[in-house]
Amino acid sequence: DIQMTQSPSSLSASVGDRVTITCRASQTINSYLNWYQQKPGEAPRLLIYAVSSLQSGVPSRFSGSGSGTYFTLTISSLQPEDFATYYCQQSFSNPRTFGQGTRLEIK
Amino acid sequence: QVQLVQSGAEVKKPGASVRVSCKASGYTFSDYYLHWVRQAPGQGLEWMGWINPNSGGTSYAQNFQGRVTMTRDTSVSTAYMDLSRLRSDDTAVYYCVRERYNSAYYLDVWGKGTTVTVSS
C-alpha cells in the first residue's frame, strides 16, 4: 500500500497569511494526487485534483504543486472560511489512501 | 444537479450487519465508479473500496475483505454497502463518493454521510 504522510498535522495561522501543507507519498504516484477540505460536521469537498487542477468553484487562492512523491497545497491569503482540515489522497493505485489530515486553526 | 443521497443513521449491536444505500441523481449512474469512504469520530478518512456501477465489479480495501460487499441496482440508480460482523470500531460516518477521471482519478461528489453506531 502507498502511505501518504502530511505535515504539519496541525497549523495555527491568521487571516491573510500564506500557508503551505505538504504531502509525501511512500512511492511515486505520478500526478495522481488530490486535495480535499473538510469542515466540522460536513462531508469533504474536492479542492484540487491531478496535483494542480482547481476544481470548479474553488477560489484561486488555493493552488497545488509537486510531482513524484512530494506535493504541496498552498493557500495564498487565508480567509476565515478556510479554517478546516485538509487531506491529500493518492489515486495511483488501490487502496486509495489518504493522508492523516492537517488541521488549520485560527491563531 | 448531481447528487448522492444516502440512507439515514443506523444503530446496530456488535456482530450485526448494516446496509447503507446511496441514490445517485443528475448524471448517468453507470458512467462513474462509486467509492465508499468512512470516518470514525475525530479521525481521518479511510477508503473502503469501489464499485463499477456498469459491470458490478468491485475492489475492496484489505482491511474490509470478507466483511464488506458493495452492490448496485441500476434500475434505481442506487449503490449499496453492506458491512457484516460489526464491531464497536466500525462506528463511523460512511460516505459514498463519485469518482471522475481527468488526468487523475478524483472524488468529486460526496454524499452527506450516514452515521453508523455500533453499541451493545
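Heavy atoms only: backbone and side chains are in, while hydrogens, waters and symmetry mates are out. A, B, ... follow the sequence lines: proteins, then strands. Residue 1 opens every chain.
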Exercise. Going from CG on A/Asp1 to CD on B/Gln62, what distance comes out if it is rounded to the nearest 0.5 angstrom?
Worked result: 8.0 Å
Seminar exercise, completed: Shortest non-hydrogen pair, B/Gln43 vs A/Tyr87, comes out as O-OH, 3.7 Å
Exercise. Do B/Leu4 and B/Val116 share a hydrophobic cluster, counting only Ile, Leu, Val, Met, Phe, Trp and Tyr and linking them when any side-chain heavy atoms are less than 4.5 Å apart?
Worked result: yes
Problem set entry | Common cluster, A/Phe98/A/Val51, ILVMFWY with side-chain heavy-atom separation under 4.5 Å | no
For this session: Group every Ile, Leu, Val, Met, Phe, Trp and Tyr by side-chain heavy-atom contacts under 4.5 Å, then state whether A/Leu73 and A/Leu33 land in the same group.
Result: yes
For this session: Evaluate the ring planes of A/Tyr32 and B/Tyr101, with Trp represented by its six-membered ring, and classify them as parallel (under 30°), tilted (30 to 60°) or perpendicular (over 60°).
Result: tilted
For this session: To the nearest 0.5 Å, tell me how far B/Asp108 CG sits from A/Asn34 CG.
Result: 10.0 Å
Exercise. Any side-chain donor-acceptor pair under 3.5 Å between A/Gln38 and B/Gln39?
Worked result: yes
Exercise. If you count the non-hydrogen atoms of other residues, nucleotides and ligands that lie under 6.0 Å from CZ in A/Arg103, is the total more than 12?
Worked result: no
For this session: In plain terms, say whether A/Arg96 and B/Glu99 are close enough for a salt bridge, that is, a side-chain N and a carboxylate O under 4.0 Å apart.
Result: yes
Problem set entry | Verify same cluster id: B/Trp47, B/Leu83 (apolar side-chain graph, 4.5 Å) | no
Exercise. Under a 4.5 Å side-chain heavy-atom rule over Ile, Leu, Val, Met, Phe, Trp and Tyr, are B/Tyr80 and B/Tyr32 clustered together?
Worked result: no
Problem set entry | Minimum-distance pair of heavy atoms, taken over all atoms of B/Ala104 and A/Ser31 | CB-O, 3.7 Å
Problem set entry | Contacts of type side chain to side chain donor-acceptor pair (under 3.5 Å), residue B/Arg100, not counting sequence neighbours | none
For this session: Provide the closest heavy-atom pair for B/Gly111 versus A/Ala43 in the form atom of the first, atom of the second, distance.
Result: O-CB, 3.4 Å
Exercise. Checking B/Asn63 against chain A: side chain, backbone, both or neither under 4.5 Å from a heavy atom?
Worked result: neither
Problem set entry | Per-residue contact mode, B/Ser59 against chain A (heavy atom under 4.5 angstrom) | side chain
For this session: Check each atom of B/Val37 against the heavy atoms of chain A and say whether the ones under 4.5 Å are side chain, backbone, both or neither.
Result: side chain
Exercise. Is there side-chain contact between B/Asn102 and A/Ser53, with at least one heavy-atom pair below 4.5 Å?
Worked result: no
Exercise. Is there side-chain contact between A/Asn94 and B/Tyr60, with heavy atoms separated by less than 4.5 Å?
Worked result: no
For this session: Can you establish whether the number of heavy atoms outside B/Gln65 located under 6.0 Å from its atom CD is more than 12?
Result: yes
Problem set entry | Which portion of B/Tyr105 sits near chain A, non-hydrogen atoms under 4.5 angstrom | both
For this session: Provide the closest heavy-atom pair for B/Leu107 versus A/Tyr36 in the form atom of the first, atom of the second, distance.
Result: N-OH, 3.0 Å
